[in-house]
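First the structure, in the form of structure tokens, and then the observations on it.
Atoms within each ligand, like the ligands themselves, are counted from 1 in listed order.
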Amino acid sequence: MRRSGECTRTVYNSLRRLRESVIFAGVPLRNAAALPTRGLPAVDSPTPLISMLALYIFCVVGGLGAIRVGAAPREGSMRKEAEAERGRCRRQEHSALRYLVLAHNAFCTCLSFYMAYGLLCSAYNLRYSVWGNAYKEEEKSMAHYIYVFYMSKMVEFLDTIIMLLKRNVRQVTVLHVYHHVSVAIIIILPRTRITHFLGYICISPETYISAALNSIVHVFMYLYYFLWALWTDDMKRKQRYLFWGKYLTQMQMLQFTINMVQAMYSIIFKSPYPQFLCKILLGYMISLLILFYNFYTKKYKPPKQHHH
Ligand SMILES: CC(C)(COP(=O)(O)OP(=O)(O)OC[C@H]1O[C@@H](n2cnc3c(N)ncnc32)[C@H](O)[C@@H]1OP(=O)(O)O)[C@@H](O)C(=O)NCCC(=O)NCCSC(=O)CC(=O)O
């Protein structure tokens, strides 16, 4: 008993020493208590984020299971009846769901614009350059937008719920679920109490650029989804005006590449940003690039002609 107590104390003390010895991005830790995101909901405690993630995963697994059970083949007349019933339900659901999809996409387009504009304006006012910035005490407005950005990732969980309600199982891919879960974790990680304790604190100078980039991409992405839902039965219009879906995917890949270069820059030039977070970011961006490249080649490359 005594030994384990001593061991805990030793670990605790070395963590404290580590904590006291580090200064990241120019913010001495004694100032951490005064950081702008301190005390905000879902920042000081990891419980809300973990609960949301658990609820999200529960909905995804449950939703996929329910669709599978609903699609199970039945016999003879039972099957015909079930199919007719399903058809009726689908038509009724269709219009209500369409309004939800339109509202969600319109909201996310506006929110993304608000964040992109706010982040870029704050960066301009603070005279932050693209990277390698030191934290400035007066970055309150920037912290506000980063916080909104983090909360917006929870709103984006609705994307998957929409896919499930539409029974679009083809869209609920590993890429999609992995992206939604991991992004929420990666964005909050440098800002939670856990990382505060170790000395990793709210450091917006290094985050704002990827948040702004992502918000810009999302303005177009949600606009695309919005228009798609608006013209849901008009194939001609979709083909004529939404041909740029392909460029949107390219834009997403460019975004991940820029983030990857930023992480490499931070590692090579030993930026004051916590090195282990840079390494996580680098690996993460590589994984997203691979998954999106795979998605891109499957979706846009024409199938190979077979010559006999
Ligand atoms: C062009 C893309 C934006 C989307 O490609 P998709 O193949 O998913 O979509 P699609 O061309 O079939 O789009 C039309 C279908 O999406 C449905 N749809 C409408 N609104 C939606 C919403 N908010 N979320 C998810 N799906 C939605 C429509 O009803 C329609 O279904 P129907 O066909 O039934 O009418 C692509 O670049 C992409 O992101 N692919 C990855 C898949 C993904 O999960 N993306 C979103 C998160 S990734 C992300 O956000 C990356 C980032 O950070 O930048």
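For F295, there are no ring pair (Phe, Tyr, Trp, His ring centres under 6.0 Å) partners at least two apart in sequence or on another chain.
When each of L97, T232, L230 is tested with L102 by the rule side chain to side chain contact (heavy atoms under 4.5 Å, CB included), just one qualifies, namely L230. The side chain to side chain contact (heavy atoms under 4.5 Å, CB included) test with W231 is passed by exactly one of R240, Q239, K238: K238. Partner Y293 forms a side chain to side chain contact (heavy atoms under 4.5 Å, CB included) with one of T297, I290, L291, L289 and no other, that one being T297.
Counting only non-hydrogen atoms, the option in H179, H218, R167 that gets closest to atom 48 (S) of ligand 1 is H179. When N168, N214, V101 are ranked by how near their heavy atoms come to atom 53 (O) of ligand 1, first place goes to N214. Residue nearest to atom 22 (C) of ligand 1, selected from F107, Y225, F256: Y225 (by heavy-atom distance).
In terms of N/O distances under 3.5 Å, ligand 1 is approached by Y224. Residue contacts with ligand 1: Y300 is placed with no nitrogen or oxygen under 3.5 Å of a nitrogen or oxygen of the ligand (distance criterion only). On a distance-only criterion, T232 and ligand 1 share no N/O pair closer than 3.5 Å. Residue K238 places no N or O, backbone or side chain, under 3.5 Å from any N or O of ligand 1.
Between L175 and F292 there is a side-chain heavy-atom pair separated by less than 4.5 Å. Side-chain atoms of L49 and M154, non-hydrogen and from C-beta on, do get closer than 4.5 Å to each other.
The protein non-hydrogen atom at the shortest distance from atom 25 (C) of ligand 1 is M163 CE, 3.4 Å. Protein heavy atom at the shortest distance from atom 15 (C) of ligand 1 is Q171 NE2, 3.4 Å. Protein heavy atom at the shortest distance from atom 38 (C) of ligand 1 is Q252 OE1, 3.6 Å. Considering only non-hydrogen protein atoms, atom 44 (O) of ligand 1 sits nearest to H176 ND1, 2.5 Å. Among protein heavy atoms, atom 20 (N) of ligand 1 sits closest to N105 ND2, 3.0 Å.
Short contacts between ligand 1 and H180, defined as distances under 4.0 Å to a heavy atom of the residue, involve ligand atoms 47 (C). Using a 4.0 Å cut-off to heavy atoms of D159, the atoms of ligand 1 that qualify are 22 (C), 23 (N), 24 (N), 25 (C). Close approach of ligand 1 to K299 is summarised as follows: ligand atoms under 4.0 Å from at least one heavy atom of the residue are 5 (O), 6 (P), 7 (O), 9 (O), 10 (P), 11 (O), 12 (O). The W228 neighbourhood of ligand 1 comprises atoms 14 (C), 28 (C), 30 (C), 32 (P), 33 (O), 35 (O), with distances under 4.0 Å to a heavy atom of that residue. Of all atoms in ligand 1, numbered sequentially from 1 with element shown, those under 4.0 Å from a heavy atom of Q255 are 52 (C), 54 (O). Every atom of ligand 1 with a heavy atom of L248 under 4.0 Å away is listed here by number and element: 3 (C). Applying the 4.0 Å criterion to heavy atoms of T249 picks out, from ligand 1, the atoms 1 (C), 36 (C), 37 (O).
Relative orientation of the Y224 and W228 rings is tilted, given thresholds of 30° and 60° on the angle between their planes.
Annotation: Y178, atom OH; neighbour count of heavy atoms from other residues, nucleotides and ligands within 6.0 Å is above 12. More than 12 heavy atoms of other residues, nucleotides or ligands lie within 6.0 Å of CZ in F157, so this atom counts as buried by the packing criterion.
A distance of 13.0 Å separates OH of Y247 from CE of M251, quoted to the nearest 0.5 Å.
Ligand 1 is approached by R170 to a heavy-atom distance shorter than 4.0 Å.
At a cut-off of 3.5 Å, with distance as the only test, a side-chain donor of Y56 or T160 sits close to an acceptor on the other residue. Between the side chains of Y300 and T249, a donor-acceptor pair is found at a separation under 3.5 Å. With no hydrogens or angles considered, a side-chain donor-acceptor pair links S182 and Y284 at under 3.5 Å.
The residue F226 has no part lying near ligand 1, judged by heavy-atom distances below 4.0 Å. Looking at L175 against ligand 1, only its side chain comes within 4.0 Å, counting heavy atoms. When heavy-atom distances to ligand 1 are checked against a 4.0 Å cut-off, K166 comes that close only through its side chain, counted from C-beta outward. Contact annotation for T160 and ligand 1: no heavy atom of the residue comes within less than 4.0 Å of the ligand.
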Please test I185 against L53 for side-chain contact (heavy atoms from CB on, under 4.5 Å), starting from the C-alpha separation and ending with a verdict.
CA-CA 9 Å; I185 299 173; L53 284 175; 3.7 Å; yes
